[in-house]
Amino acid sequence: MSRHRNFQNMNYDDERDDYEDDEYGRSYEDEVSMSPSTSEFMYRRPRLNTHNQLVGGTTLNDFIPEEADPDDLPNDVVDDEDLFQMDDVQVSTISHAPPSSTAPPSGLFFPPPGLPPPSIANLPAESIAAANAELAEKAAKPFTPLRAKEPKPVLPNVSNLRVSEKVQRSTSKSPSRAAPAATLTPNTSSSHRLQQLAAISSAPSTPKRTRKGNERGAGERESLNLVVVGHVDAGKSTLMGHLLCQLGCVDQRTMHKYKQESARSGKASFAFAWVLDETEEERSRGVTMDIARTTFETDRYRVVLLDAPGHKDFIPNMITGASQADAALLVANATRGEFETGFENGGQTREHAMLLRALGVSQLVVAVNKMDTVDWSKQRYSEVESALRAFLAKQAGFSAVRFVPVSGLAGENLVKRVDKGHPLASWYTGKSLVEHIDEFTAPSRQTDGALRAIINDVLKATPQQLTVTAKVESGEIEVGEKVYIMPNADAAIVKAVANDSGREGASDGTCGAGEQALLTLMGTFEQDTIHVGHVVVRAGKDTLIPGRRFVARIVVFDVLVPLMRGTKAELYAHSLCEPCTIVKLTAVVNKASGEVIKANPRCLTRQQSGRVEIETEREVAIESFTACRALGRITLRANGQTIAAGIIEEKIA
Ligand SMILES: Nc1nc2c(ncn2[C@@H]2O[C@H](COP(=O)(O)OP(=O)(O)OP(=O)(O)O)[C@@H](O)[C@H]2O)c(=O)[nH]1
């Protein structure tokens with residue numbers, strides 16, 4: 001049993017003799033291929049970074065509204081909006097335009113009860129005919145081969161701005177930001193495109209609600225999207241890998257193989273991390289590079305686990321994971337000196353926490369990990385807890401944070417509480433990590449809202465069929481219905497729907513808000529036009545019309561150079577990453593009241609809150625925060641640092 005070993009003094013490389021060579025056959029190199037997305041990253045050792053912190057007692061809570069307690073919320077979009085206005089009065093008081101109603105139009109979203117389960121076969125003949133006509137029209141156009149690489153736009157001021165380029169689609173299981181190369185549907189004049197979008201928004205939508213609200217099948221647990229974040233090497237993957245083993249999600253044979261092969265490559269201590277770090281590059285470097293996604297079940301939830309990379313170079317991938325999360329586990333390393341490196345000196349502990357709040361995650365548990373390296377010391381645990389508690393409350397804006405001492409490597413206090421007699425039990429008698437996870441509250445899902453399913457990976461793409469994973473943020477997606485993929489407005493018919501647990505057809509052919517869906521879409525797709533960050537929507541007046549210019553209300557992080565007209569940055573929203581420019585500074589506003597302090601300022605300095613106009617390089621599928629929270633939160637980054645976070649108030653072009 002691992003927990004009886006002396007992990008602190010163990011020389012893991014000596015352990016390789018414990019394992020019989022190739023007892024279980026093939027080595028992982030035979031079976032694991034490298035995710036194409038990982039190849040674009042250059043690995044560098046962490047650099048010191050003192051940015052990205054709101055200092056001087058300002059908290060993100062002043063600005064970013066917390067998610068509401070679902071118990072206080074009726075499952076209804078209109079009331080949700082009211083609550084948002086209560087939470088963050090500034091938004092309604094300073095908004096240019098009154099928030100648009102997000103109530104689902106009657107009739108459109110509530111077809112008569114008792115409708116048969118949808119399939120392409122029982123779609124109305126007119127919708128099939130209309131879809132076929134549109135698809136035939138597209139099919140008649142010659143297939144556009146991959147175009148020669150266009151020259152990258154020259155973007156002054158920002159040395160390492162990520163400019164989307166044409167790259168291969170990710171074939172990894174996890175989301176990748178490598179992709180967005182988006183060419184808008186080629187050869188479309190702007191007037192044709194406007195007509196196309198107008199036709200989509202005026203077309204009747206055809207949802208068939210086979211499932212009511214948050215209804216689940218018999219025996220199904222509620223789903224909870226949990227992101228695991230923290231400084232590099234805090235032990236996130238080891239902790240979650242070991243937890244998955246203890247929950248029986250990894251069979252002994254596979255674990256034996258990981259132990260054997262990691263020992264053979266001199267990385268025995270990473271055996272549990274290999275459960276989640278699947279690519280060859282991640283394993284050889286001992287560093288998580290992309291989000292690893294898996295599921296496990298607790299007494300209460302089907303947890304969709306998103307293991308984020310801790311290294312600074314992969315923060316964009318961490319943002320992808322955090323933008324899908326309902327709750328977060330922040331892993332802190334209790335080892336003396338290592339906690340300080342991760343927390344002080346601009347380590348990623350702070351930046352991750354700030355980003356979580358900026359992306360709307362308000363439920364947080366901190367796992368104080370590697371307690372075995374400090375002899376399970378209560379004093380060390382208290383030091384870590386008090387430093388983090390003060391920062392998380394005062395600067396990051398988390399109102400209630402719970403802490404739990406654990407050792408991912410030793411497997412202590414993960415699923416089971418610590419045994420009496422264990423040194424940790426002498427002062428800790430509280431809950432285990434899994435018990436803490438079970439105490440998160442699943443947020444209310446906008447199941448009745450307009451369909452918004454954000455593509456977070458493109459697994460397979462042919463000119464006729466796409467297989468993508470998508471997080472359904474609002475509404476439901478059903479087999480047989482016609483959908484559009486924004487911003488390109490590619491029409492598609494949903495051929496198959498499964499959720500993360502592999503429930504084929506999600507038992508009733510639907511996936512609802514909050515679920516990760518595996519979608520098979522049929523249509524006529526031009527090569528390299530569907531990417532991570534695109535959004536699946538329905539036609540109708542609640543459709544999403546993409547745009548390039550938006551009014552955003554932002555809070556500026558602790559930047560050295562103020563934000564000015566012409567500042568270039570990367571815009572992060574849900575799974576999207578797109579170069580953008582701040583084209584106008586409209587006002588400096590008071591964080592608390594939303595009152596305009598100064599109109600048309602020359603710049604926004606650190607900690608200031610303001611309203612700006614942002615223009616993206618290409619059309620993007622985002623919308624106002626009041627219409628859909630997940631699509632309305634943004635983060636701006638430049639030079640590898642987060643410079644601002646905020647919400648979209650309005651699309652203007
Ligand atoms: N002693 C001890 N070592 C641990 C513990 N948890 C993780 N480690 C070690 O810390 C190192 C890093 O572990 P990982 O799980 O890869 O850390 P990570 O946070 O996932 O790393 P990134 O995702 O790359 O940021 C490995 O050598 C682990 O064996 C623990 O509880 N005790």
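Note that the structure is a prediction, hence the values are computed from the model and not measured. In each ligand, atom 1 is the first atom listed, and ligand 1 is the first ligand listed.
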Give the atom numbers and elements of ligand 1 that come within less than 4.0 Å of a heavy atom of [X].
| X | value |
| --- | --- |
| Thr238 | 6 (N), 7 (C), 13 (O), 14 (P), 15 (O), 28 (C) |
| Asp372 | 1 (N), 2 (C), 30 (C), 31 (O), 32 (N) |
| Ser407 | 30 (C), 31 (O), 32 (N) |
| Val232 | 24 (O), 25 (O) |
| Leu409 | 1 (N), 2 (C), 3 (N), 4 (C), 5 (C), 6 (N), 29 (O), 30 (C), 31 (O), 32 (N) |
| Ser269 | 26 (C), 27 (O), 28 (C), 29 (O) |

- Message: On a heavy-atom basis, which atom in Gln348 and which in His231 lie closest, and how many Å separate them?
- Response: N-ND1, 3.0 Å
- Task: Nearest heavy atom to atom 4 (C) of ligand 1 wins, so pick from Glu412, Gln348, Lys370.
- Result: Lys370
- Message: For atom 19 (O) of ligand 1, which of the options Arg285, Glu338, Lys236 provides the nearest non-hydrogen atom?
- Response: Lys236
- Query: Quick one: does Ala234 get within less than 4.0 Å of ligand 1, heavy atoms only?
  - Reply: yes
- Say you draw a straight line from CG of Leu424 to OG of Ser407; how long is it, rounded to the nearest 0.5 Å?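 Answer for the CG-OG pair, Leu424 versus Ser407, is 9.5 Å.
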Examine [X] against ligand 1 and note whether any of their N/O atoms are separated by less than 3.5 Å.
| X | result |
| --- | --- |
| Gly310 | yes |
| Gly408 | yes |
| Ala410 | no |

- Query: CG of Asp251: more than 12 outside heavy atoms within 6.0 angstrom?
  - Reply: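 Enclosed.
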- Between Phe343 and Phe391, is the ring centre distance below 6.0 Å? yes
- Query: Side chains of Glu351 and Thr642: do they bring a donor and an acceptor to under 3.5 Å?
  - Reply: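 The criterion, which ignores hydrogens and geometry beyond distance, is satisfied for Thr642 and Glu351.
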- Query: So, Ser237 versus Asp307: side-chain donor-acceptor pair below 3.5 Å or not?
  - Reply: yes
- Passes salt bridge (Lys or Arg N to Asp or Glu O under 4.0 Å), Glu435 versus Arg417? Steps please. CA-CA 9 Å; Glu435 288 177 294; Arg417 293 187 183 196; 2.9 Å; yes
- Note on the structure: With sequence neighbours left out, the residues meeting side chain to side chain contact (heavy atoms under 4.5 Å, CB included) with Asn369 are Leu239, Val331, Val406
- Query: Any donor-acceptor pair under 3.5 Å linking the side chain of Lys378 with the backbone of Trp427?
  - Reply: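 No, Lys378 side chain to Trp427 backbone: no donor-acceptor pair under 3.5 Å.
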- Message: At under 4.0 Å between heavy atoms, is it the side chain or the backbone of Asn369 that contacts ligand 1, or both, or neither?
- Response: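 Looking at Asn369 and ligand 1, just side chain atoms fall under 4.0 Å.
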